[in-house]
Structure formats: C-alpha cells, structure tokens
S.K.: 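Got a structure here, written out as structure tokens. Questions coming.
Whatever order the structure lists them in is the order used to number ligands and atoms, beginning at 1.
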Amino acid sequence: MTIDDQKKIAAEAALEYVQNGDVIGVGTGSTANYFIAALATVKGKIDGAVASSEASAERLRGHGIAVMALSQTGDLPLYVDGADEATRHLHLIKGAGGALTREKIVAQASEKFVCIADHSKLVDRLGEFPLPLEVIPMAQSMVARRMVKLGGQPQLRAGFTTDNGNIIIDVRNLDIENPVELERRINQIPGVVTVGLFAIRGADVLLLGRESEVEVLK
Ligand code: 5RP
C-alpha cells in the first residue's frame, strides 16, 4: 500500500466518528483532502463543516458541503485533521501547510480531535520535522533570536503568507523533550501567533494508516 493509500484509509476510518446532524471541523492538507472526499459520500448526514483554511473551505464547497463560521456554530463535536508528526502520547507537530492557527482554534473548540495520518508520521520524539511558528511580521527577527536561544535554527518560509496575513518561521533542531512545556514557553513570546506544537491540546484519537489496516491510538 502506498503512503497515499494509507492516508486514504485513515481518512475513511474517521467517518465512523461523524454523527447525524453534526457540524464538524475539517483540517487542511493531503490527508484532510481524502477526508473531505470521504465526507462528500455521506454529506446528507451532516449539517455543515467549519474549515481550518480557505483551501479546505473551497474544497468542501466544491463537494456541496455547507461551510460555516466557527463564531456562528459555537463548539463542535468533532475535528478531523492530519499531522506532520505524532507520538503515541498523541502530541503533534502541525503546520506544514501553514494553517496551524486556524487548526489550533478549531481543535480547541472541538470536543474530540481525531488525527488522521499515514504510519510514517508516527515518531518516538517530536522534532525531526521543523517546528512551524506563525509570527506577526514585525516580530520576525526577535522571534528568530529567541529560537536560537532555545537551541533551534529558524528559517523564514520564503514567499509564504498565512490566511491571517502573517509569516511562518520553521525551526529546526529544537530539543522537544517536553512538548507541553515547550508549547507553553513559545506561546509566551510576543509576536508568536501560534506554535505548531499540539500538545497542551493534543489529539484524542490517532488513526494511522498501515500496510493493510488502520491502527487506532487513544
Ligand atoms: C497543515 C497541517 C497538515 O495537517 C499537515 O501538514 C499534514 O499534511 P498532510 O496530510 O498533507 O501530510 O498541519 O497546516
């Protein structure tokens, strides 16, 4: 089974968590796109979706699924999204697609966060994948210096602007021994809008596509 097939079976397995009449949160990225395609096959079951990016909103609408604003729906029963890295503690790195802020908002507003991924995303320790930070442009150099102090190597994601009009700094080589503590620490730096560590509010369920089955971690 290819990596894409593994993403697809993980995404399809997430349909099990969708209940009649739900408005659900939908993430961003290639695995989330498989979920949107799967969701389209049962779209009569849901009342609509809240998207974590403009790209996903457009894709949902393209499938005839109503896209709603989180400020109108209130809290959601379910959020389904991918990840760049995940541990067995269900701590995640997210943000390769640059949608981390809206992803964190929708995850925070959701009772259950079901993370969907191919098995290559499972790691013993987070940090091989560069940690994305969404940053207010004027804070770029200051935040980069703080990351160097933490032992990281920051790099501006060139030519990229987030849906919120900010920049992304990707940080390599951080020692992420304690993801919750590091998330708290980076959250306190002025100018950092969002750090791509999802540990304080990690996933509740991780569906990992493997060779012939989906492994469920809770
Ligand atoms: C986007 C994300 C994605 O969930 C993450 O990058 C995984 O993407 P993919 O499913 O394409 O591997 O956090 O900001």
S.K.: Quick check: does any side chain N or O of D163 sit under 3.5 Å from a backbone N or O of E54, one acting as donor and the other as acceptor?
M.R.: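 Yes.
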S.K.: Atoms of ligand 1 less than 4.0 Å from K7 heavy atoms?
M.R.: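 Counting atoms of ligand 1 from 1, those under 4.0 Å from K7 are 12 (O).
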S.K.: At what distance, to the nearest 0.5 angstrom, does CG of L174 lie from CD of E128?
M.R.: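 Nearest 0.5 Å value for the CG-CD distance: 12.5 Å.
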S.K.: Give the residue and atom name of whichever protein heavy atom lies nearest to atom 10 (O) of ligand 1, and the separation in Å to one decimal.
M.R.: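 Heavy-atom neighbour on the protein nearest atom 10 (O) of ligand 1: T31 OG1, 2.6 Å.
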S.K.: For atom 3 (C) of ligand 1, what is the closest protein heavy atom, and at what distance to 0.1 Å?
M.R.: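 The closest heavy atom on the protein side is T28 O, 3.2 Å.
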S.K.: For atom 5 (C) of ligand 1, which protein heavy atom lies nearest, and how many Å away is it?
M.R.: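 The closest one turns out to be D84 OD1, 3.1 Å.
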S.K.: Which atoms of ligand 1 have any heavy atom of G29 under 4.0 Å away?
M.R.: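 This gives 11 (O) as the contact atoms.
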S.K.: Report the nearest protein non-hydrogen atom to atom 11 (O) of ligand 1: residue, atom name, distance rounded to 0.1 Å.
M.R.: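 The answer is S30 OG, 2.5 Å.
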S.K.: Using the salt bridge (Lys or Arg N to Asp or Glu O under 4.0 Å) rule, pick out the option among K94, K104, K121 that qualifies with D81.
M.R.: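 Passing option: K94.
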S.K.: Tell me: protein heavy atom nearest atom 14 (O) of ligand 1, and distance?
M.R.: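 Atom 14 (O) of ligand 1 sits closest to the protein heavy atom E103 OE2, 3.1 Å.
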S.K.: Which of the numbered atoms in ligand 1 are below 4.0 angstrom from a heavy atom of A96?
M.R.: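 In order of numbering, the contacting atoms are 6 (O), 14 (O).
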S.K.: Suppose I only count heavy atoms of G82 and a 4.0 Å limit; which atoms of ligand 1 are within that range?
M.R.: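 Those qualifying, in numeric order: 4 (O).
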S.K.: Going from CG on D5 to CZ on R210, what distance comes out if it is rounded to the nearest 0.5 angstrom?
M.R.: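 Rounded to the nearest 0.5 Å, the CG-CZ separation comes to 15.5 Å.
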S.K.: Atoms of ligand 1 less than 4.0 Å from A83 heavy atoms?
M.R.: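 So the atoms of ligand 1 that pass are 4 (O), 5 (C), 7 (C).
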S.K.: Only heavy atoms of D81, strictly under 4.0 Å: list the atoms of ligand 1 that pass.
M.R.: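 Atoms satisfying the 4.0 Å criterion: 4 (O).
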S.K.: Side-chain heavy atoms under 4.5 angstrom apart, residues restricted to Ile, Leu, Val, Met, Phe, Trp, Tyr: same cluster for L78 and M68?
M.R.: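 Hydrophobic grouping puts L78 apart from M68.
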S.K.: Using side-chain heavy atoms (C-beta onward) and a distance below 4.5 Å, is L133 in contact with M147?
M.R.: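 L133 reaches M147 side chain to side chain.
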S.K.: What protein heavy atom lies closest to atom 4 (O) of ligand 1? Include the residue and the distance to one decimal.
M.R.: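 The answer is K94 NZ, 2.9 Å.
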S.K.: Taking the side chain from E215 and the backbone from L208, do they hold a donor-acceptor pair closer than 3.5 Å?
M.R.: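 Judged by distance alone, no pair lies under 3.5 Å.
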S.K.: State the atoms of ligand 1, each with its element, that fall below the 4.0 Å cut-off from a heavy-atom position in G98.
M.R.: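 Contacts of ligand 1 toward G98, numbered from 1: 14 (O).
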S.K.: Do G97 and ligand 1 have an N or O pair less than 3.5 Å apart?
M.R.: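 Yes, at least one N or O pair falls under 3.5 Å.
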S.K.: CZ/R157 to CD/E134 distance, rounded to the nearest 0.5 angstrom?
M.R.: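 R157 atom CZ to E134 atom CD measures 10.0 Å (nearest 0.5 Å).
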S.K.: Quick test: of every protein heavy atom, which one is nearest to atom 12 (O) of ligand 1, and how far off is it to 0.1 Å?
M.R.: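 Protein heavy atom with the smallest distance to atom 12 (O) of ligand 1: K121 NZ, 2.6 Å.
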S.K.: Applying a strict under-4.5 Å side-chain criterion to I, L, V, M, F, W and Y, I'd like to know whether L126 and L100 cluster together.
M.R.: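 In one cluster with L126: L100, no.
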S.K.: Parallel, tilted or perpendicular for F198 and F113, by the 30°/60° rule?
M.R.: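 The rings of F198 and F113 stand perpendicular, inter-plane angle above 60°.
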S.K.: For K112, is there any backbone N or O sitting under 3.5 Å from a side-chain donor or acceptor partner on S110?
M.R.: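 Pair absent, no side-chain N/O of S110 close to backbone of K112.
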S.K.: So if I count the atoms of ligand 1 from 1 in the order they appear, which ones are less than 4.0 Å from some heavy atom of G95?
M.R.: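 Here the atoms of ligand 1 in question are 2 (C), 13 (O), 14 (O).
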S.K.: Could you check whether any heavy atom of G27 sits closer than 4.0 Å to an atom of ligand 1, since that is the contact criterion I want to use?
M.R.: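 So G27 does not count as touching ligand 1.
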